[in-house]
Colleague: 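Below: one structure in structure tokens.
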Amino acid sequence: MNNNEIKDKLVLALDVEDINEAKKLVDDLSSYIGTFKVGLQLFCGYGLEIINYIKQKNSNFFLDVKLHDIPNTVEHASYNVIKNGANFFNVHATGGIEMMKAARKGADEAAEKYNRKKPLILAVTVLTSISQEVLSNELSNNKTVEEFVIQLAKNAKIAGLNGVVASAKELKAIKRELGSDFKVLTPGIRPKWSLKDDQQRIATPNSAIQDGADFIVLGRAITKAPDRIEAIEKIYEEIKEGK
Ligand code: C5P
């Protein structure tokens, strides 16, 4: 895998409190990272300011907003997400097929109107914070987490979404059931030399990519590293060497 192919797969989670820190991460890492992910923390704090900064750098911009509402609202929100410069965002698959179709429609209409590339829309299936016990007892769902993840991924595909967010544990099953073109973005990535933090189901960057991840989310492994450039270069080396 060459440097550009690796860069395209890397997503950096800008989970920081301060806008200047987010901007510094974008400045320092935009030559290594293909996509910057802005989550609710930063977006609710600073909105369009961080979006415009990322856009200037020509990086992909993933708005991790996990939309979940009635189809009409999601359609118009998706339109605005693309209008405002994200080319990558997500919705909750539990909102249903009609809602996901509405996201596709709104996003594609904005991309056409504003001459943007085709938006990538991923579905969040079952949050990793939902255990089997919560799914069965609190949510009265009689499926296993894995069965439910696969069903929701199938719904996302029917609705025309590009893929799903899933842990490394679910990666192979999703690719097997949904096909290799159906994209999977995998968080919970930790190189061997990095702290696990609060993540339970972790994989190394190389193993997630070997198992078929199209995108891997790097967060604290990079943002909290004593030397961020050294850390990202080490990850490139490990992916290239397949270890
Ligand atoms: O710092 P760390 O690598 O744990 O960050 C992971 C990122 O991926 C965070 O932005 C987190 O919200 C996100 N994420 C996750 N697990 C999921 C879905 C998203 O950790 N199931």
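Atoms within a ligand are numbered from 1 in the order they appear, just like the ligands themselves.
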Colleague: Can you pull out the closest protein heavy atom to atom 7 (C) of ligand 1? Residue, atom name and distance to 0.1 Å, please.
Modeller: V217 CG1, 3.8 Å
Colleague: Got the closest protein heavy atom to atom 12 (O) of ligand 1, with its distance?
Modeller: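 The closest one turns out to be K37 NZ, 4.2 Å.
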Colleague: Without swapping roles, check the side chain of E17 against the backbone of Q41 for a donor-acceptor pair under 3.5 Å.
Modeller: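 Not at all, since once roles are kept as given, no pair shorter than 3.5 Å links the two residues.
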Colleague: For ligand 1 and P187, I'd like to know whether there is a polar contact (N/O to N/O, distance under 3.5 Å).
Modeller: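 Among all N and O atoms of P187, none is under 3.5 Å from an N or O of ligand 1.
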Colleague: Does even one non-hydrogen atom of D197 get within less than 4.0 Å of ligand 1?
Modeller: no
Colleague: Under 4.0 Å between a side-chain nitrogen and a carboxylate oxygen: does that hold for R220 and D15?
Modeller: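 No, no charged N to carboxylate O under 4.0 Å.
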Colleague: Between E238 and K243, does any side-chain N to carboxylate O distance fall below 4.0 Å?
Modeller: no
Colleague: Is a side-chain N or O of D214 found less than 3.5 angstrom from the main chain of V184, in a donor-acceptor match?
Modeller: yes
Colleague: Enumerate the atoms of ligand 1 whose separation from the nearest heavy atom of A13 is less than 4.0 angstrom.
Modeller: 10 (O)
Colleague: Is the closest N or O pair between T128 and ligand 1 shorter than 3.5 Å?
Modeller: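 Yes, since at least one N or O of T128 sits under 3.5 Å from an N or O of ligand 1.
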Colleague: Verify the ring-centre separation between F88 and F215: is it less than 6.0 angstrom?
Modeller: yes
Colleague: Would you say that M100 contacts L67 through its side chain, given a criterion of any heavy-atom pair below 4.5 Å between the two side chains?
Modeller: no
Colleague: For R220, take its heavy atoms, then give the atoms of ligand 1 lying under 4.0 Å from any of them.
Modeller: 1 (O), 2 (P), 3 (O), 4 (O)
Colleague: Which residue and atom name correspond to the protein heavy atom nearest atom 3 (O) of ligand 1, and how close is it?
Modeller: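 Here the nearest protein heavy atom works out to R190 NH1, 2.8 Å.
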Colleague: Tell me, which protein residue and heavy-atom name are nearest atom 5 (O) of ligand 1, and how many Å apart are they?
Modeller: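 Ranked first by proximity to atom 5 (O) of ligand 1 is G219 CA, 4.0 Å.
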Colleague: Using a strict cut-off of 4.0 Å, indicate which atoms of ligand 1 neighbour a heavy atom of D15.
Modeller: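 Listed by number with element: 9 (C), 10 (O).
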Colleague: Is the shortest side-chain heavy-atom distance between N87 and R116 below 4.5 Å?
Modeller: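 Heavy-atom side-chain distance check fails, nothing below 4.5 Å.
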Colleague: Could you check if a side-chain atom of F43 sits within less than 4.5 angstrom of a side-chain atom of I51, using non-hydrogen atoms only?
Modeller: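 Answer yes - side chains close enough.
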Colleague: With a 4.5 Å heavy-atom cut-off, do L120 and K183 have their side chains touching?
Modeller: yes
Colleague: Provide, to 0.1 Å, the distance between atom 20 (O) of ligand 1 and the closest protein heavy atom, together with that atom's residue and name.
Modeller: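 Of the protein heavy atoms, Q199 NE2, 2.8 Å lies nearest.
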Colleague: Is the closest N or O pair between D64 and ligand 1 shorter than 3.5 Å?
Modeller: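 No; the residue has no nitrogen or oxygen that sits under 3.5 Å from a nitrogen or oxygen of the ligand.
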Colleague: Does even one non-hydrogen atom of K224 get within less than 4.0 Å of ligand 1?
Modeller: no
